[in-house]
**Q** 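Submitted below is the structure of interest, expressed as structure tokens.
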There are 2 protein chains.
Amino acid sequence: MLRLTKKADYGLMALKYLAEQADSGAQSAKDVAEAYHIPPQLLAKILQTLAKAGLLVSHAGTNGGYALARPAQDISAFEVIRAIDGPLFITSCITIHGTCDLHGTCTIKEPLRKVNDSIKELLSGIHVSDLIEPAEASPAAALAGGLVSIAL
Amino acid sequence: MLRLTKKADYGLMALKYLAEQADSGAQSAKDVAEAYHIPPQLLAKILQTLAKAGLLVSHAGTNGGYALARPAQDISAFEVIRAIDGPLFITSCITIHGTCDLHGTCTIKEPLRKVNDSIKELLSGIHVSDLIEPAEASPAAALAGGLVSIAL
DNA sequence: TTAATATCCGACTGCATTAGTCTTGCTTCC
DNA sequence: GGAAGCAAGACTAATGCAGTCGGATATTAA
């Protein structure tokens, strides 16, 4: 249930890598792909998508590559996922047009929309900077990422 | 992103229907399917799954059908979704065995597992009874469903 | 100017999952 | 016994995802 696509996974991993290597200048798609054993051509397309979404800046040519467009703590996981997987929703009901294809008989829509929004907020509270240092509990992240409270 | 399957949607809708009609005894799969314009045979299989999971009780024969195994407020959305869609996870990384197929190079896993757990808690706080009366904000649900607080 | 490096972009294929159908058998009630 | 209903598995069609291929364009270094 609720699976994220592999592309989104790859995208988050790449952003984390770029955040860590921010001092070393731009990194090529190939470098990132090799670091994580991701198919290079696939990652290239993902990075292109992220660049088009304004999360990365790209620079062609020799010694070119990708770099974060903003500081790592200003890029949320939600933005990354939405850029890659598109603005899909938790229910099959709720389409992009906001219409329910079940002839209005679907009364499930409204409660689940709130769940949807809650997850959205949850992901918005997580930033690329929080992904670094995976092993420990990172008290900084607890402060920055914050406490997400959700009322139904 | 994060789409629920149509089957899970159908399942939740069916449970809501059964909760509303709890006084009228068992309802046949066909009745529920007609009420929501769902393919009858598909819904039948979904209801069978829910019955096997212990969320519904089935009664064969004439005037048979399905009924809730427990009160509506004791059945959480999480149980329904897990019964239908299986124990899948937000990341493609985390498999049922808890292993990451990316050679341990995936450092994204741990932070996303927390998100996964948070969503799980969020869905566990929603019950079938909360799905009834969709239009209003249902203060009862806010009390019962509660406030979910998540620290990263 | 040329060659190397790298992004950019669309089309294509194979695969897995999902949605839905069909058929057959079993159970209960009248 | 027959009708109504559940139970269950095999099957097909459609969709979306993962990954590949080929080529075009931009930038830099020599």
Side-chain angles (χ1 to χ4, degrees), chain A residues 1-11 13-14 18 25-34 36-53 55-67 69 81 84-89 91-93 95-96 101-102, chain B residues 1-11 13-14 18 25-34 36-53 55-67 69 81 84-89 91-93 95-96 101-102:
Chain A
M1 66 177 224
L2 291 177
R3 208 174 0 186
L4 224 52
T5 64
K6 233 169 197 173
K7 288 184 190 177
D9 269 8
Y10 290 160
M13 288 162 68
L18 290 175
Q27 304 286 322
S28 76
K30 199 179 138 201
D31 290 342
V32 183
E34 280 174 1
Y36 291 111
H37 304 100
I38 299 173
Q41 310 221 48
L42 181 56
L43 182 67
K45 280 178 64 169
I46 294 169
L47 294 180
Q48 284 165 29
T49 306
L50 290 174
K52 220 185 314 185
L55 299 178
L56 294 178
V57 286
S58 65
H59 194 54
T62 315
N63 294 326
Y66 294 92
I81 294 167
I84 295 175
D85 284 350
L88 301 180
F89 297 97
T91 46
S92 313
C93 259
T95 64
I96 300 169
D101 57 342
L102 291 173
Chain B
M1 68 179 221
L2 291 177
R3 205 174 4 183
L4 224 53
T5 63
K6 232 170 198 172
K7 287 184 188 177
D9 269 8
Y10 291 160
M13 288 162 67
L18 290 174
Q27 303 286 323
S28 76
K30 199 179 138 201
D31 289 343
V32 183
E34 280 175 359
Y36 291 112
H37 303 100
I38 298 172
Q41 310 225 45
L42 180 58
L43 183 66
K45 281 180 63 169
I46 295 169
L47 293 181
Q48 284 166 30
T49 305
L50 291 175
K52 222 184 314 186
L55 300 177
L56 293 178
V57 285
S58 63
H59 193 55
T62 315
N63 293 327
Y66 294 93
I81 293 167
I84 296 175
D85 284 351
L88 301 180
F89 297 97
T91 48
S92 313
C93 259
T95 64
I96 298 169
D101 57 342
L102 291 174

**Q** What's the OH-C1' distance between A:Y66 and C:dA6, to the nearest Å?
**A** 8 Å
**Q** Send over the distance from B:Q27 CD to D:dA4 P, rounded to a whole Å.
**A** 17 Å
**Q** Any side-chain heavy atom of B:K7 within less than 4.5 Å of one from B:L42?
**A** yes
**Q** Write down the atom of A:L43, the atom of A:A33, and the distance for their closest heavy-atom approach.
**A** CD2-N, 3.4 Å
**Q** What does B:A29 touch in the nucleic acid at a heavy-atom separation under 4.0 angstrom: a base, only the sugar-phosphate, or nothing?
**A** sugar-phosphate
**Q** Provide, to the nearest angstrom, the distance between the CG atom belonging to A:L47 and the C1' atom belonging to C:dC8.
**A** 12 Å
**Q** How far apart are the closest heavy atoms of B:I38 and B:Y10, and which atoms are they?
**A** CD1-CD2, 3.6 Å
**Q** Using a 4.0 Å heavy-atom cut-off to protein, can you give one letter per nucleotide of nucleotides 25-30 of chain C, 5' to 3': B if the base is in contact, S if only the sugar-phosphate is, - if neither?
**A** --BBB-
**Q** Between CG of B:L18 and CG of B:L55, what distance do you get to the nearest 0.5 Å?
**A** 11.0 Å
**Q** Would you mind reading off the distance between A:L50 atom CG and C:dC8 atom P, rounded to a whole angstrom?
**A** 11 Å
**Q** Tell me the closest heavy-atom pair linking B:V57 and B:A69, and the distance in Å.
**A** CG1-CB, 3.9 Å
**Q** Can you check the B:I46 CD1 to D:dG9 C1' distance for me, whole Å?
**A** 16 Å
**Q** Taking 4.0 Å as the cut-off, does a side-chain nitrogen or oxygen of A:S28 come that near to OP1 or OP2 on C:dT5?
**A** no
**Q** When every nucleotide of nucleotides 16-23 of chain D is labelled 5' to 3' by its protein contacts under 4.0 Å (heavy atoms), B for base, S for sugar-phosphate only, - for none, what sequence of letters results?
**A** -SSBBB--
**Q** Give the minimum heavy-atom separation between A:A29 and A:A44, together with the two atoms involved.
**A** CB-CA, 4.1 Å
**Q** Identify the heavy atoms of B:A26 and B:G65 that sit nearest to each other, and give their distance.
**A** CB-C, 3.8 Å
**Q** State, to 0.1 Å, how close B:I46 and B:G11 come at their nearest heavy-atom pair, and which atoms those are.
**A** CG2-CA, 4.0 Å
**Q** Nearest whole angstrom, please: distance from the C1' of C:dT7 to the CG of A:D31.
**A** 13 Å
**Q** Could you tell me the separation between the NZ atom of B:K30 and the P atom of C:dT21, rounded to a whole number of Å?
**A** 15 Å
**Q** Rounded at 0.5 Å granularity, tell me how far CG in A:L4 sits from CG in A:D9.
**A** 5.5 Å
**Q** Report which part of the nucleic acid A:A44 touches: base, sugar-phosphate, or nothing (heavy-atom distance under 4.0 Å, all strands).
**A** nothing
